[in-house]
Amino acid sequence: MHGNMMFQPLLISNLIEHAEMYHADTAIISKNTDGTMTESCWAQIAKNSKRFANVLQSFSLSPSDRVATIAWNNHRHLESWYAISGSGFICHTINPRLFPEQLTYIINNAEDKVLIFDKTFLNLILSIQESLTHVEHFICLDAYDENIKTAFPEVQFYDDLIASQSEYFEWPQLEEQTASSLCYTSGTTGNPKGVLYSHRSTVLHSYASSLADSLNLSAKDRILPVVPMFHVNAWGTPYAAAMVGCSMVLPGPMLDGTSLVQLIDQYKVTNALGVPTIWQGLLTAAQQLGSQLPSLKRNVVGGAACPPSMIKTFKDVYQCETIHAWGMTETSPVGAVNQLKAKHFDLSETEQSKLRLSQGRPPFGVQLRVTDAENGANEVQRDGQTTGNLQIKGHWIVDSYFGTDKSALTVDGWFDTGDIATLDQDGYMNISDRSKDLIKSGGEWISSVELENIAIAHPEIDNVAVIAATHLKWDERPILIAKKSAESQITAEDILDYYTDKIAKWQIPDKVIFVDSIPVGGTGKILKKDLREIYGSVLLES
């Protein structure tokens, strides 16, 4: 049969070209490392990305060479992203909160040729510079600074470099399967592993995440990605924002609750994205400042399960819809988003609220299943009750890790996430725990997430973590690590009593330990491994 459709490769450069052409004056607002604000727009972001693309061309790099960034969410970082990937190199975003040994390993494993950094991280870069075996160019994402130049003579400055370049650059027509960006897993066990995204997977992920049934982004929105650009590419929002032409507020290094409230209110943010620990700080600050966050219509919560009490507070106090989402580095990250279906609006408010506690359902482009074994032996019932190993496949899901030909998939082509979950007939997925965080007490499983959700709802508790502690009789028992609210006089007995009638008596934690702070990693997730090392034997102590 004659006739066919035009073919064009799906490229990241297409996204910034679209934003420049059709959303040129849409604002990109950025907080700099010194706390000052820069108001730019998609047209300026596009022009500067082309200038920096010309800079990269002058370095005589080879196609698919890696260019690393260690930077906050700001306009220069955004410009560099499009320059790097658009011109055929690989944008390698690095989490600056990792240990220096891990940073060195990641940079050397990726064989990064260029290292771009915010001046906040100057001392960090200097501390590892001599261990970096492949880096040829160091670029500070800022204007010339004599103090930095004195401390680091080899450094070049972003503003100086782009000032000398033309804003004309013809983006190469790459093959859409060309690698575009590289993120490493957090490496809680062993060395971090690299996940390589392609232009095709990134553009398809942007389509999916923008859908109304997904993150629901449009040109009417002004979004605040609090999730860092070094954490799974800020959940892909810098790409999706260019695709739909929405405005962005980039918070820089100031991620405390007060700073975020001020940004939301001053710049009329409609949609914010981050992990639960960030939103806990935001809610506390909003209450202290007396802000009702009037512009904020939606907030997306990922990275960890969102406590039910937090969802309720956003809805009842701030008229803000909280959208649960789930994903991981290996899934680009969007794997499921909790948006209701039409039939659910016939449910009572209580029933709707219960449904919103799940991590949601997959958008088109990915599939989920739950099996009774990691190798995918048998899929369990999709009844919303039967738990098993959560597995995923799709257009933007990892196939193999960077630098290895070994498949990361099961024998039948699915990626095992390491989560324990249920699925129902509509595809709503509910994670009961990470497999490594489940507590097996006397042969019965206890969900740490469920215990945490109960405790965090107590008005005098700021943050909690539940871990397994070794027990002579039951093998493992749950213990609760808790941070009190300021001025709170709550006791361990008060917390344990709070569990009464909310969960089976045998699942109530054996012990409550109050701490001044709970350790979190670079992506805002609680470091349960560290807590287990500190408190894992506490029930054995006399």
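Since the structure is predicted, the reported quantities are computational estimates derived from the model, not experimental observations.
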Q) So with a 6.0 Å cut-off around NZ of Lys341, is the heavy-atom count from everything else above 12? A) yes

Q.
If you count every heavy atom of other residues, nucleotides or ligands that lies below 6.0 Å from Tyr207 atom OH, does the total exceed 12?
A. no

Q: Any pair with a residue in residues 221-238 that passes salt bridge (Lys or Arg N to Asp or Glu O under 4.0 Å), sequence neighbours left out, goes on the list, sorted by first then second residue, please.
A: Asp221-Arg298

**Q.** Residue pair Arg369 / Gln391, side-chain donor-acceptor N/O under 3.5 Å
**A.** yes

Q | Sidechain-backbone polar pair: Thr237 side chain, Ala234 backbone, donor-acceptor under 3.5 Å | A | yes

Q. Can you name the closest pair of heavy atoms from Thr331 and His205 and give their distance?
A. O-CD2, 4.2 Å

(Q) Just by distance, no angles: are the side chains of Lys312 and Thr322 close enough, under 3.5 Å, to form a donor-acceptor pair? (A) no

Q | Tyr428/His344 aromatic ring centres below 6.0 Å | A | yes

Q.
Using 30° and 60° as the class boundaries, would you call the ring planes of Phe402 and Tyr184 parallel, tilted or perpendicular?
A. perpendicular

Q. What closest approach, in Å, do Ala240 and Ser210 show between heavy atoms, and which atom pair accounts for it?
A. CB-OG, 3.5 Å

**Q.** Least distance between heavy atoms, Pro478 atom then Val466 atom
**A.** CB-CG1, 4.0 Å

(Q) I'd like to know if the side chain of Asp424 reaches the main chain of Asp426, judged simply by a donor and an acceptor atom lying under 3.5 Å from each other, with no hydrogens or angles considered. (A) yes

**Q.** Test log, rule salt bridge (charged side-chain N to carboxylate O under 4.0 Å, His left out), inputs Lys484 and Glu487
**A.** CA-CA 8 Å; Lys484 299 179 185 181; Glu487 311 299 328; over 6 Å; no

Q.
If we count only N and O atoms by modelled type, under 3.5 Å, do the side chains of Gln262 and Ser259 hold a donor and an acceptor together?
A. no

Q: Scan side-chain atoms only and decide if Asp497 and Thr500 contain a donor-acceptor pair under the 3.5 Å cut-off.
A: no

(Q) Please find the pair of heavy atoms, one from Cys183 and one from Thr93, that lie closest to each other, and give the distance. (A) SG-OG1, 3.4 Å

Q: Would you kindly say whether Ser201 and Ser198 are connected by a side-chain donor-acceptor distance under 3.5 Å?
A: yes

Q) Below 4.0 angstrom, N of the basic side chain to O of the carboxylate: do Lys528 and Glu533 qualify? A) no

Q) Does His324 use its side chain to pair, donor to acceptor, with the backbone of Ser358 at less than 3.5 Å? A) yes

Q | Side-chain ion pair, Glu330 and Lys193, N-O less than 4.0 Å | A | no

Q) Between Trp279 and Phe314, how do the two ring planes meet: parallel, tilted or perpendicular, split at 30° and 60°? A) perpendicular

(Q) Over 60° means perpendicular and under 30° means parallel, so tell me whether Trp474 and His471 are parallel, tilted or perpendicular. (A) tilted

Q) So, for Ala286 and Tyr318, which heavy atoms are closest and what is the spacing to 0.1 Å? A) CB-OH, 3.5 Å

Q | Ionic contact status for Glu349 with Lys315, cut-off 4.0 Å | A | yes

**Q.** From Asp462 atom CG to Thr284 atom OG1, the distance as rounded to the nearest 0.5 Å
**A.** 5.5 Å

Q) Has the side chain of Lys268 got a donor or acceptor atom that lies under 3.5 Å from a matching backbone atom of Ile264? A) no

Q) Going by distance alone, is a donor N or O of one side chain under 3.5 Å from an acceptor N or O of the other, for Trp326 and Asn338? A) no

Q. If you draw a 6.0 Å radius around CD in Gln381, do more than 12 non-hydrogen atoms from other residues or ligands fall strictly inside?
A. no

Q) What's the spacing between Glu450 CD and Ser432 OG if we round to 0.5 Å? A) 9.0 Å

Q. So do Lys511 and Ile513 actually touch side chain to side chain, heavy atoms under 4.5 Å?
A. yes

Q: Flag the pair Asp213 and Arg361 as a salt bridge only when some basic side-chain nitrogen lies within less than 4.0 angstrom of an acidic carboxylate oxygen.
A: yes

Q: Determine the minimum heavy-atom distance between Ile526 and Asn463, stating which atoms define it.
A: CD1-OD1, 4.0 Å

Q: Any chance you could measure Gln385, atom CD, to Leu423, atom CG, to the nearest 0.5 Å?
A: 12.5 Å

Q) With no hydrogens and no angle check, do the side chains of Thr422 and Asn430 hold a donor and an acceptor under 3.5 Å apart? A) no

Q. Looking at CG of Asn233 and OG1 of Thr202, how far apart are the two atoms once the value is rounded to the nearest 0.5 Å?
A. 7.0 Å

**Q.** Presence of salt bridge, Arg532 and Asp437, under 4.0 angstrom
**A.** yes

Q.
If only side-chain N and O atoms count, and only distance matters, is there a donor-acceptor pair under 3.5 Å linking Thr69 with His77?
A. yes

Q. Could you give the distance from CG (Asp416) to OG1 (Thr410), rounded to the nearest 0.5 Å?
A. 8.0 Å

